[in-house]
Trainee: 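Here it is, the structure in full.
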Amino acid sequence: MPPLTGSKPASDARTLVPPGRRLCEVTENRAAGGYRIFSALDESGPEPRAGQFYMLAAADGWGQRTGRPYLPRAFSVAEATPADGGLRLHFLVEAVGPGTERLAGLRAGEGLWVTGPLGRPFSVPGDLASGVTGAILVGGGIGLAPLAILRRQLGERGVPLRTLVGFRDREHSGGVDELFSCCEVRLASEDGHAGHRGYVTDLLAVLLEGDDAPTAVVYACGPPAMLEVVRALCSERGVTAELAMETPMACGFGACFGCAVPLAAGGYMRLCSDGPVVNAADIETALVAGSGHRACGR
Amino acid sequence: MPPLTGSKPASDARTLVPPGRRLCEVTENRAAGGYRIFSALDESGPEPRAGQFYMLAAADGWGQRTGRPYLPRAFSVAEATPADGGLRLHFLVEAVGPGTERLAGLRAGEGLWVTGPLGRPFSVPGDLASGVTGAILVGGGIGLAPLAILRRQLGERGVPLRTLVGFRDREHSGGVDELFSCCEVRLASEDGHAGHRGYVTDLLAVLLEGDDAPTAVVYACGPPAMLEVVRALCSERGVTAELAMETPMACGFGACFGCAVPLAAGGYMRLCSDGPVVNAADIETALVAGSGHRACGR
Amino acid sequence: MDLRVEIAGLHLDHPVINGSGTFDAIAARRAFGDALLAAFPFSMFVSKTITPEARAGNPPPRIFETPAGMINSIGLPNKGLEGFLAQDLPQLAELPVPLCVSVMATSHGEFARLVEAVAARDEVAALELNISCPNVESGLIVGEQAPETLSLLQTVRPITAKPLIVKLTPNVADPAAIARAAGEGGADAVSLVNTLKATAFAPGSTEPWLGAGRGGLSGPAIRPVALEQVRSVAASVSIPIIGMGGIESGADALDFLATGAAVVAVGTANFRDPLAGARVRAELEAALASAGLASPQDLGERIAASTST
Amino acid sequence: MDLRVEIAGLHLDHPVINGSGTFDAIAARRAFGDALLAAFPFSMFVSKTITPEARAGNPPPRIFETPAGMINSIGLPNKGLEGFLAQDLPQLAELPVPLCVSVMATSHGEFARLVEAVAARDEVAALELNISCPNVESGLIVGEQAPETLSLLQTVRPITAKPLIVKLTPNVADPAAIARAAGEGGADAVSLVNTLKATAFAPGSTEPWLGAGRGGLSGPAIRPVALEQVRSVAASVSIPIIGMGGIESGADALDFLATGAAVVAVGTANFRDPLAGARVRAELEAALASAGLASPQDLGERIAASTST
Ligand SMILES: Cc1cc2nc3c(=O)[nH]c(=O)nc-3n(C[C@H](O)[C@H](O)[C@H](O)COP(=O)(O)OP(=O)(O)OC[C@H]3O[C@@H](n4cnc5c(N)ncnc54)[C@H](O)[C@@H]3O)c2cc1C
Ligand SMILES: Cc1cc2nc3c(=O)[nH]c(=O)nc-3n(C[C@H](O)[C@H](O)[C@H](O)COP(=O)(O)OP(=O)(O)OC[C@H]3O[C@@H](n4cnc5c(N)ncnc54)[C@H](O)[C@@H]3O)c2cc1C
Ligand SMILES: Cc1cc2nc3c(=O)[nH]c(=O)nc-3n(C[C@H](O)[C@H](O)[C@H](O)COP(=O)(O)O)c2cc1C
Ligand SMILES: Cc1cc2nc3c(=O)[nH]c(=O)nc-3n(C[C@H](O)[C@H](O)[C@H](O)COP(=O)(O)O)c2cc1C
Ligand code: FES
Ligand code: FES
């Protein structure tokens, strides 16, 4: 595999993770707009960095649709809060198939198998490009999940940031308030029920016209079509961007080579260990076959 | 297959069953000694006869142990009571594997797939042998299930009957009171905590010494080892006996030929359609390989 | 929607039939009565395989549940040719759909005797040759060897003008080679897959579970393997294909049709629900509609168009 | 309990290793750190298959979940012989267990080059020959043909005295015939099964899902097939067997040992839990104890005793 180009963070300082999956107790599961947020108490894992993910499987009822789900499912961590006896991990879920359905149906007290935090997190702006001082966060639909924790972590470092969020329609726009409380957010919605009527990438295009565009990096997460527009916009304008991507994953820790994403330089990366956050300049396209299963936000 | 010998009921009057499985609502699930009794409301099936069974599968969570259970599970009906909008079917369950575990965990309001009532029921004493006026019911452990409904149905016909019931130990002996309320029952327990210390078949042997033995037929249900002793005792003494047997079943309606039980005359019967109630004289042995998975009562 | 299909000269009301040995219509009618005939789930009924002489079948236990599937070692219990013709055929003739009789023997002569006697009966619309059997003369499993398959077809093809369907075994490196031999020998269609060779141990013991030691795996577990074999055979022969192996839903059926089957068969799923076939048919209709297709033929044409470009 | 086993001259601490391509110890160590080495789940580490030249692998999507299993069409991405020796081997040498390197090529000459270069390295304890590949000279899949397998072994056997393990493909009618050819050619052991040929369609579409069109099925769905192939090979060869295919628990591992495997490999189950192998080993220990056995050898002796009577 050719080495990754673009701006890989200088020190690839990963958090070491306990090997093996561990059983956590589900502490909560509540509706958040068109999605659900469930939480579990992690007694032994390290604090995740924004953009990292966990492989999750319900302790019971995994396999209930004639043997599916069988593999664990990848989930970005949306927030991690200190709690009695460990960390409370929060996940945002949209039920699109047997695995997400089962996770969306978890009840407090149930067991959840957890491996992680895994993968390459979002970089700190200064590590990405010199002269950069601010950040633009762009999220589409359920792609909000990693941006919530990113917003907090960047905020704690005093990075000035603007957040752009897109939704399909009213039904799917809930949950923002909770995840982005006390934070200025610009909205777009395809049905026009809130904010700009259209795509969140329209808002980004406008921002990137501004004079201060070169001093910002873009962090984006959302459906492939949205990410591809972000990639193209940033590439045209020479703006550094990091995209949190998705593909089907079997293992999440580099074991299966199942999560291939084509590189701009040819060949593939393993999204679970070389990503899921990738530098937009490294990839050929964000429209990776097999990854576009959820038509949210854009 | 050679024709069945012994005393097949003169008219093999089966109840016709709706083809296809139907979704019933679970109405109750409660502990009964070492077992559980769960009930479901059957809106369209006919009244079952004692000894018949249903093929059951939970609507959700079937397959949850990495794709097992996959097939439905056979269950003797323990009682059927008229209810608003149909019949309430009651089943006695012992959790011994993934299917019985899932069924034992059913909650009221959940869906239950039901096919049945299936199979050949217990015969009326008069149809079995002439000059017979009474009945001896012999049950071991969870084998009680079909005897409960049999007791009631024979009672309604005014058949004089005696009921012998065996249990492993105190922990497993609950539930009898409920299923055999207002009915005289003689108990045996292996640990001696109630009734005769030993096997229920010891009680049967004593009864069959009595002068009135030739005027009774024996109906038995329980683990293979118990049924085999009943078969041998009755065969020695020329007493007619019907045994409700078990084997692994895939379909329950004669489709798969999976439920073979060796015949005394050679060859096999399909236990689901030629049984599950068999005339003891027809079979070679009650110790059918693969059927002896539950070590209860004896 | 017009679900009718034509295969090997047979006109079927819809593309869902049963797998041999997975639905005993006589026993099912005994349990469910004539309501079964009114709601009959299949557009053709395939009998359990019969053999020249009666067979008792294998010692129990005969079945074992596996992850998303099951192993069976039933051992072809059947009444033999005479018993079948005398006792079963009249009852099967009362079904509201065409009848296909599955036959198996262990020599060309015996196969010929079966085909001749069965094909002579007006009640029989088609025959399926179950070739997962040894040839007692060569000692080879017929369905594992292209030359054996060809030579069997050359023996039985001249006997009847009725459709001959060859049921392939999946336990080969190259099922397309066997299918080609069947086609060359004059088979009107092939059906696949039969079960995959499998075994299991008694839980908590070091002894095999099945009375016969081993058996065949079926059910959703094998669906991805079946689909690949159908694809590979469809790419290689021009005679129509009856696809099966783990079909549980209309979506599954659509996958088999999309990969080149003209008809699909429901097997193990019947054990979960005696009317599984009817549900598969209804769901298939909906799946075709939502794929923007007006009939199974439309699908065939779309595939032909996409592979010819 | 003494779980040590000896296979093909290798002394292993216990009978649980990994299936090639289902655990990248280098990537796992990057994620989990040296804690992984302390808790290393396998008694030998089998590398992903390497080829003479670097390969990028297949286009995505590469995986598809199926009932109780998965299909993969990874396409053997690897750094090629030179890249492997330079970059990966030093890191794999740091693992606390013996290293087995899996190799594949498409000609005898290239196979020989791989075996020679890899076997020459002290870090390498054994080699596994992945023969689910075409021979570019004959056009045949090596692992589907006994003569091809024999002739490959005759080429590479003289090159090294290190243990050569032949990884069999399950997509054949008679895996025992291939195993016998491997044994005849001097293989020290065989491992089986590799994945079953399979395909899948994109949900709600009539297009194949996998970027490469088709792939191989693994996981619990195939366990009954794998167990039967191990049984049939064990009944036919005297060289030791590494059994795999859907092993998820100690009970599964015990079944494979009881049917004739000397060692078992955990594959797809690693994806569910990076320490699945360690759990399988612990459960196997308990299962052996509750079957009244003091060691895996005891089991072997019990089987030998029961089959010789
Ligand atoms: C790094 C990462 C982070 C993620 N974070 C989140 C998150 O925070 N919240 C969230 O809700 N989701 C998240 N996802 C997506 C989530 O993992 C998937 O939606 C989930 O795996 C789908 O599983 P399922 O069983 O519900 O649906 P499946 O049916 O398995 O898959 C849904 C889609 O995948 C494809 N598919 C269908 N069947 C199969 C099959 N048999 N095998 C393979 N693919 C199939 C189809 O395109 C289908 O529409 C993330 C994914 C990644 C890789
Ligand atoms: C006519 C009839 C009436 C019955 N009535 C009742 C009843 O009223 N109440 C009740 O509790 N039970 C009843 N049973 C028994 C019940 O059907 C079985 O206990 C049940 O099917 C077991 O399923 P499981 O998934 O819980 O366990 P499984 O694990 O499927 O089976 C339990 C036992 O079956 C064997 N076994 C284990 N694994 C497998 C496998 N993979 N495939 C096949 N066999 C396996 C073993 O001997 C094991 O101990 C009846 C059975 C029949 C045939
Ligand atoms: C219990 C059982 C009995 C079977 N008997 C026969 C048979 O007699 N003849 C035959 O050709 N196939 C037989 N089969 C194979 C099925 O017809 C079918 O090919 C196979 O099960 C795959 O389909 P499925 O996964 O939908 O069951 C049998 C399968 C099962 C499960
Ligand atoms: C994602 C994946 C990649 C694999 N890569 C290889 C490989 O490179 N070489 C090989 O010999 N087998 C490979 N295999 C096969 C496994 O080693 C094993 O033989 C097979 O998966 C069956 O075991 P399991 O069901 O436990 O996974 C691979 C399997 C999977 C699932
Ligand atoms: S998901 Fe397995 S390598 Fe990435
Ligand atoms: S259980 Fe299928 S025939 Fe009896």
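Computation of the quantities below employed the complete heavy-atom set of this structure, encompassing side-chain atoms and omitting hydrogens, waters and symmetry-equivalent molecules. Per chain, numbering begins at 1; letters A, B, ... match sequence-line order.
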Trainee: Which answer fits C:P59, side chain, backbone, both or neither, if we ask what part of it has an atom under 4.5 Å from a heavy atom of chain B?
Mentor: both

Trainee: Which bit of C:N18 comes within less than 4.5 Å of chain B, counting heavy atoms only: side chain, backbone, both or neither?
Mentor: neither

Trainee: For C:F64 and C:W209, I'd like to know if the aromatic rings sit close, meaning centre-to-centre distance below 6.0 Å.
Mentor: yes

Trainee: For B:T247, is it the side chain, the backbone, both, or neither that has a heavy atom closer than 4.5 Å to a heavy atom of chain C?
Mentor: neither

Trainee: For B:F91 and B:F75, take the angle between the two ring planes, folded into 0 to 90°, and tell me which bin it lands in: parallel under 30, tilted 30 to 60, perpendicular over 60.
Mentor: perpendicular

Trainee: In terms of heavy-atom pairs under 4.5 Å, which option from B:G254, B:P98, B:P18 contacts chain C the most?
Mentor: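 Among B:G254, B:P98, B:P18, the one with the most close pairs to chain C is B:G254.
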
Trainee: Relative to chain C, which segment of B:A289 carries a heavy atom at a distance below 4.5 Å: side chain, backbone, both, or neither?
Mentor: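 Contact with chain C is through both the backbone and side chain of B:A289.
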
Trainee: So which residue, C:A221, C:A278, C:P220, ends up with the most heavy-atom pairs under 4.5 Å with chain B?
Mentor: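 When all of C:A221, C:A278, C:P220 are compared, C:P220 has the most.
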
Trainee: If I measure from the heavy atoms of chain B, does C:T268 come under 4.5 Å with its side chain, its backbone, both, or neither?
Mentor: both

Trainee: Thinking salt bridges, do C:E65 and B:R73 make one under a 4.0 Å N-O criterion?
Mentor: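 Looking at C:E65 and B:R73, the cut-off is met.
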
Trainee: Among C:N270, C:N58, C:N72, which has the most heavy-atom pairs under 4.5 Å with chain B?
Mentor: C:N58

Trainee: Only pairs of heavy atoms separated by less than 4.5 Å count here; which of B:P72, B:G116, B:G63 has the most with chain C?
Mentor: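 Option with the greatest count: B:P72.
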
Trainee: Parallel, tilted or perpendicular for C:F45 and C:F42, by the 30°/60° rule?
Mentor: tilted

Trainee: Less than 6.0 angstrom from the centroid, inside 45 degrees of the normal: does C:R30 satisfy that with respect to the ring of B:F253?
Mentor: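 Geometry flag: not set, cation outside 6.0 Å or 45°.
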
Trainee: Strictly by modelled atom types, are B:T27 and B:R88 linked by a side-chain donor-acceptor pair under 3.5 Å?
Mentor: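 There is such a pair (donor and acceptor under 3.5 Å, judged by atom type) between the side chains of B:T27 and B:R88.
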
Trainee: Output all residues satisfying side-chain hydrogen bond (donor to acceptor under 3.5 Å, both in side chains) with C:S43, sequence neighbours left out; order by chain, then residue number.
Mentor: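 Per chain and number, C:S43 pairs via side-chain hydrogen bond (donor to acceptor under 3.5 Å, both in side chains) with no residue.
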
Trainee: With chain C, which of B:A255, B:C251, B:A260 has the greatest number of heavy-atom pairs at distances under 4.5 Å?
Mentor: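 The option with the most such pairs is B:A255.
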
Trainee: Report the residues that fulfil side-chain hydrogen bond (donor to acceptor under 3.5 Å, both in side chains) with B:Y70, sequence neighbours left out, ordered by chain and then residue number.
Mentor: C:E248

Trainee: What residue, out of C:G21, C:G69, C:G83, C:A25, has the most heavy-atom pairs lying under 4.5 Å from chain B?
Mentor: C:G69

Trainee: Who wins among C:P60, C:G33, C:A56, C:A27 for the most heavy-atom pairs under 4.5 Å with chain B?
Mentor: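 Top option by heavy-atom pairs under 4.5 Å: C:P60.
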
